[in-house]
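Worksheet: one structure, shown below.
Reckoned from all heavy atoms, side chains included, excluding hydrogens, waters and symmetry mates.
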Amino acid sequence: DLQREKAREHGVFIVLKGAHTAIACPDGECWFNSTGNPGMATGGSGDVLTGILTGLLAQGYPPKSAALLGVYLHGFAGDIAASELSQEALTAGDIVDYMGEAWQEIRASFLIL
């Protein structure tokens with residue numbers, strides 16, 4: 001509730017990284033992410049998420065889309081990495097390494113030919 005209140009009060013998006021990362025929007029909406037795993041609780045993982053979010057914003061994605069997509073992609077790339085490497089061995093760099101595969105899988109899911 002506090003996260004949602006502060007997002008509305010300040011007109012910002014607040015991403016609270018955790019087991020089910022929460023994204024609070026300035027309009028009062030709150031979203032919970034279904035991707036990610038405990039192996040992502042490693043140094044630098046939040047920095048990777050910040051880079052993904054700012055990269056999406058720099059490419060022109062609207063803030064809400066950047067927040068929702070960025071958080072999902074971050075967790076999805078972490079899930080792919082964990083399935084290949086194990087959660088116990090996961091590093092922030094592994095999340096970056098699997099971003100391309102995560103993008104391709106998402107893109108393939110939404111292509112209509």
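The salt bridge (charged side-chain N to carboxylate O under 4.0 Å, His left out) contacts involving residues 78-93 comprise nothing, where partners must be two or more places apart or lie in separate chains. Pairs engaging residues 36-62 under the ring pair (Phe, Tyr, Trp, His ring centres under 6.0 Å) rule: none recorded [sequence neighbours left out]. Sorted by first then second residue, the side chain to side chain donor-acceptor pair (under 3.5 Å) pairs that include residues 40-50, not counting sequence neighbours, are Ser45-His74.
In this structure, the ring pair (Phe, Tyr, Trp, His ring centres under 6.0 Å) partners of Tyr72, at least two apart in sequence or on a different chain, are Phe76. With sequence neighbours excluded, no residue forms a side chain to side chain donor-acceptor pair (under 3.5 Å) with Glu101. Taking the salt bridge (Lys or Arg N to Asp or Glu O under 4.0 Å) definition, one finds that Glu9 meets it with Lys6, sequence neighbours left out.
Considering all non-hydrogen atoms of both residues, Ala66 and Leu56 come closest at O-CD1, 3.6 Å. Among all heavy-atom pairs drawn from Ser86 and Ala89, the shortest one is OG-N, 3.2 Å.
Atoms CD1 and CG, on Ile52 and Leu69 in that order, are 9.0 Å from each other to the nearest 0.5 Å. Atom NZ of Lys64 sits about 5.5 Å away from atom CH2 of Trp31, to the nearest 0.5 Å. For the atom pair CD of Glu5 and NE2 of His10, the computed distance is 8.5 Å after rounding to the nearest 0.5 Å. Rounding to the nearest 0.5 Å places CG of Asp94 at 12.5 Å from CD of Gln87. A distance of 11.0 Å separates CG of Leu85 from CD1 of Ile80, quoted to the nearest 0.5 Å.
Under the 4.5 Å side-chain heavy-atom criterion for Ile, Leu, Val, Met, Phe, Trp and Tyr, Leu90 and Leu49 are members of distinct hydrophobic clusters. A continuous path of ILVMFWY side-chain contacts below 4.5 Å connects Trp103 to Ile95, so both sit in one hydrophobic cluster. Phe32 is not connected to Leu68 by any chain of hydrophobic side-chain contacts under 4.5 Å among Ile, Leu, Val, Met, Phe, Trp and Tyr, and they are in different clusters.
The backbone N or O of Gly78 lies less than 3.5 Å from a partner atom in the side chain of Asn37, making a donor-acceptor pair.
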What donor-acceptor contacts under 3.5 angstrom involve side-chain atoms of residues 13-27, with partners at least two apart or in another chain?
residue : atom : partner : partner atom : Å
Thr21   : OG1  : Gly18   : N            : 3.3
Thr21   : OG1  : Gly18   : O            : 3.4
Asp27   : OD1  : Glu29   : N            : 2.9

